[in-house]
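The analysis underlying the following values was restricted to heavy atoms, covering all of them including side chains, and did not include hydrogens, waters or symmetry mates. Residue numbers count from 1 along this sequence.
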Amino acid sequence: MTIHFSLFIVVIPNIPINARWSQNGKTIAGGNGKGNATNQLDRPMGLFVDDDQTMIIADANNHRIVQWKMGDKKGQVIAGGNGKGNRLNQLDYPTDVLIDKETDSLIICYEGRVVRWSRRSGTTQGEILIDNIDCRGLFMDDQRYFYVSDTEKHEVKRYQIGDENGILVAGGNGQGADLNQLNYPTYIFVDQQQTVYVLDENNHRVMKWNKDAKEGIVVAGDQGDGDSLTQLSYPSALFVDTLGTIYVADSLNHRVMRWPKGAIEGTVIVGGNGGGTRANQFHLLGGLSFDRYGNLYVVDLNNHRVQCFSIQ
């Protein structure tokens, strides 16, 4: 079963617990060196895969959001692309993006702001939703609440459109490694029970905060910075499937790991062959996602490309 959230689309496929993926990725966006041409990316970060396999990519160093359709040789700039800055027609190193289907718009975060940018033809600038926030990751649930991580305050808040205050849902007890703390939270995933999964980057772990919980539960990592199967090293993205299996982009280990629900160690599903440019390698990781068929999409950060790994 694929779950389609009604107001925007998060494709959450039913992935078998023993699923395997091709070990060689296919470049489906970028891969033409670092640059700002329409067939290039420059340190891409966040990734959103729409229901029709269209990719929306936060092309961070180009200060733009790019739409890239499967099979195309070039992407299309759909937000920003007017240099780095704080004017309403500019972005400043965008790190994450999602689609709000109800308003046919993008919600984009970068250091300092969360903005909304209409996808309608002729749009030349965005509007500010939240200002003065050091945000890195975004998520919107099926009730149209959106969640934002704050790397300076080490917390995650839930917002309604039009509300700039938000409600604390994870962290907020200062920088640290206790169960009620976070240390530089980045990317977020929220399930249908409003359980919040947070990449706690500088603690090298993934935390799960049940709705209204006062502290989190470690669900991956938390064994220090390292490359064993119980460890992560500056994880950069996560995804949770319908079984509660957690998929983590383990950036400095150049690999994607799978952590089944309740597991104390993960397994490497792609990468893990050192940093490099080959089809079975990454050079640091950005975002990751799946399409409705269970194919895996991974942002290969310093190779300035998005790789697709077919489910077997």
**Item:** Close side-chain approach of Tyr197 to Leu238, heavy-atom, < 4.5 Å
**Value:** yes

**Request:** For Val270 and Ser22, work out which heavy atoms get closest and say how close.
**Result:** CG1-O, 3.7 Å

**Request:** Find the distance between CG (Asp178) and CD (Glu215) and round it off to the nearest 0.5 Å.
**Result:** 9.0 Å

**Message:** Are Tyr147 and Phe139, when compared by the centres of their aromatic rings, separated by less than 6.0 Å?
**Reply:** no

**Donor-acceptor contact below 3.5 Å, side chain Asp291 vs main chain Leu296** = no

**Message:** So Val97 and Ile107, do their side chains get closer than 4.5 Å, heavy atoms only?
**Reply:** no

**Prompt:** Can you check whether Gln194's main-chain N or O pairs, donor with acceptor, with Asp191's side chain at less than 3.5 Å?
**Reply:** yes

**Message:** Distance to the ring centre below 6.0 angstrom and angle to the axis at most 45 degrees; does that hold for Arg158 and Tyr145?
**Reply:** yes

**Prompt:** How many angstroms lie between atom CD1 of Ile99 and atom CE of Met140, to the nearest 0.5 angstrom?
**Reply:** 11.0 Å

**Message:** Strictly distance-based, threshold 3.5 Å: is any side-chain N or O of Ser118 a donor or acceptor partner for the main-chain N or O of Arg120?
**Reply:** yes

**Path from Tyr184 to Val196 over hydrophobic side-chain contacts below 4.5 Å** = no

**Complete:** The reported gap from CZ in Arg64 to CG in Leu41 (rounded to nearest 0.5 angstrom) is 7.0 Å

**Any donor-acceptor pair under 3.5 Å from Lys157 side chain to Val169 backbone** = no

**Donor-acceptor under 3.5 Å (Asp250 side chain, Ser233 main chain)** = yes

**Request:** Could you check if a side-chain atom of Pro185 sits within less than 4.5 angstrom of a side-chain atom of Glu155, using non-hydrogen atoms only?
**Result:** no

**Prompt:** Is it true that a side-chain atom of Gln23 and a backbone atom of Ile269 form a donor plus acceptor pair closer than 3.5 Å?
**Reply:** yes

**Fill in**
Tightest non-hydrogen contact, residues Leu138 and Phe146, listed as CD2-CD1, 4.4 Å

**Message:** Using modelled atom types and a 3.5 Å cut-off, is there a donor and acceptor pairing between side-chain atoms of Trp21 and backbone atoms of Gly294?
**Reply:** yes

**Prompt:** Is the side chain of Ser289 donor-acceptor paired with the backbone N or O of Phe48 at a distance under 3.5 Å, no angle test?
**Reply:** no

**Message:** So does Arg43 get a backbone contact from the side chain of His304, meaning a donor-acceptor N/O pair under 3.5 Å?
**Reply:** yes

**Prompt:** Is there a side-chain contact between Asn210 and Ile217 (heavy atoms, below 4.5 Å)?
**Reply:** yes

**Audit row: Asp50, Arg292, salt bridge (charged side-chain N to carboxylate O under 4.0 Å, His left out) steps and yes/no** = CA-CA 9 Å; Asp50 206 348; Arg292 65 163 80 184; over 6 Å; no

**Non-hydrogen atoms of Asp300 and Gln281 that approach each other most closely** = OD2-O, 3.8 Å

**Prompt:** Does the side chain of Arg144 reach to within under 4.5 Å of the side chain of Glu102, using non-hydrogen atoms?
**Reply:** yes

**Prompt:** Looking only at heavy atoms, which two atoms of Leu47 and Val306 are closest? And how far apart?
**Reply:** CD2-CG1, 4.4 Å

**Asked** Hey, what do you get for CE (Met257) to CD1 (Ile246), rounding to the nearest 0.5 Å?
**Response** 11.5 Å

**Asked** Which atoms form the tightest heavy-atom contact between Leu106 and Ala79, and what is the distance?
**Response** CD1-CB, 4.1 Å

**Message:** Is there a path of hydrophobic side-chain contacts, each under 4.5 Å between heavy atoms, that joins Phe189 and Val218?
**Reply:** yes

**Heavy-atom check, side chain of Leu243 versus side chain of Ile15, under 4.5 Å** = no

**Item:** Flag side-chain contact, heavy atom, 4.5 Å: Gln181 against Asn173
**Value:** yes

**Request:** Answer with yes or no whether the hydrophobic clustering places Ile167 together with Ile130; edges join I, L, V, M, F, W, Y residues whose side-chain heavy atoms lie under 4.5 Å apart.
**Result:** no

**Message:** Assigning hydrophobic clusters by single linkage (Ile, Leu, Val, Met, Phe, Trp, Tyr; side-chain heavy-atom cutoff under 4.5 Å), is Leu168 placed with Ile188?
**Reply:** no

**Request:** Return yes if some donor-acceptor pair links the side-chain N/O of Asn62 with the main-chain N/O of Gly35 below 3.5 Å, else return no.
**Result:** yes

**Message:** Within the 4.5 Å heavy-atom criterion, are Glu127 and Leu88 side-chain neighbours or not?
**Reply:** no

**Message:** Taking side-chain contact (heavy atoms from CB on, under 4.5 Å) as the definition, give me every residue that meets it alongside Thr95, ordered by chain and number, with sequence neighbours left out.
**Reply:** Met45, Tyr93, Cys109, Arg136, Tyr187

**Message:** Would you say CD of Glu152 has more than 12 non-hydrogen atoms from neighbouring residues, nucleotides or ligands within 6.0 angstrom?
**Reply:** no

**Message:** Taking atom CD1 as the centre, does Ile17 end up with more than 12 heavy-atom neighbours from other residues, nucleotides or ligands that are less than 6.0 angstrom away?
**Reply:** yes

**Asked** Can you tell me how far the CD atom of Gln193 sits from the OG1 atom of Thr195, to the nearest 0.5 Å?
**Response** 5.5 Å

**Request:** Determine, using ring centers only, whether Phe290 and Tyr297 are less than 6.0 Å apart.
**Result:** no

**side chain to side chain contact (heavy atoms under 4.5 Å, CB included), paired with Ile56, selected from Val49, Val66, Ile78** = Ile78

**Asked** Between His204 and Tyr234, is the ring centre distance below 6.0 Å?
**Response** yes

**Request:** Please name the residue in the list Asp150, Asp200, Thr151 that meets the side chain to side chain contact (heavy atoms under 4.5 Å, CB included) test with Leu182.
**Result:** Asp200

**Asked** What about Tyr110 and Val77, same hydrophobic cluster or not, with Ile/Leu/Val/Met/Phe/Trp/Tyr joined at side-chain heavy-atom distances under 4.5 Å?
**Response** no

**Request:** Search all heavy atoms of Gly286 against all heavy atoms of Ala237 and return the closest pair with its distance.
**Result:** O-CB, 3.3 Å

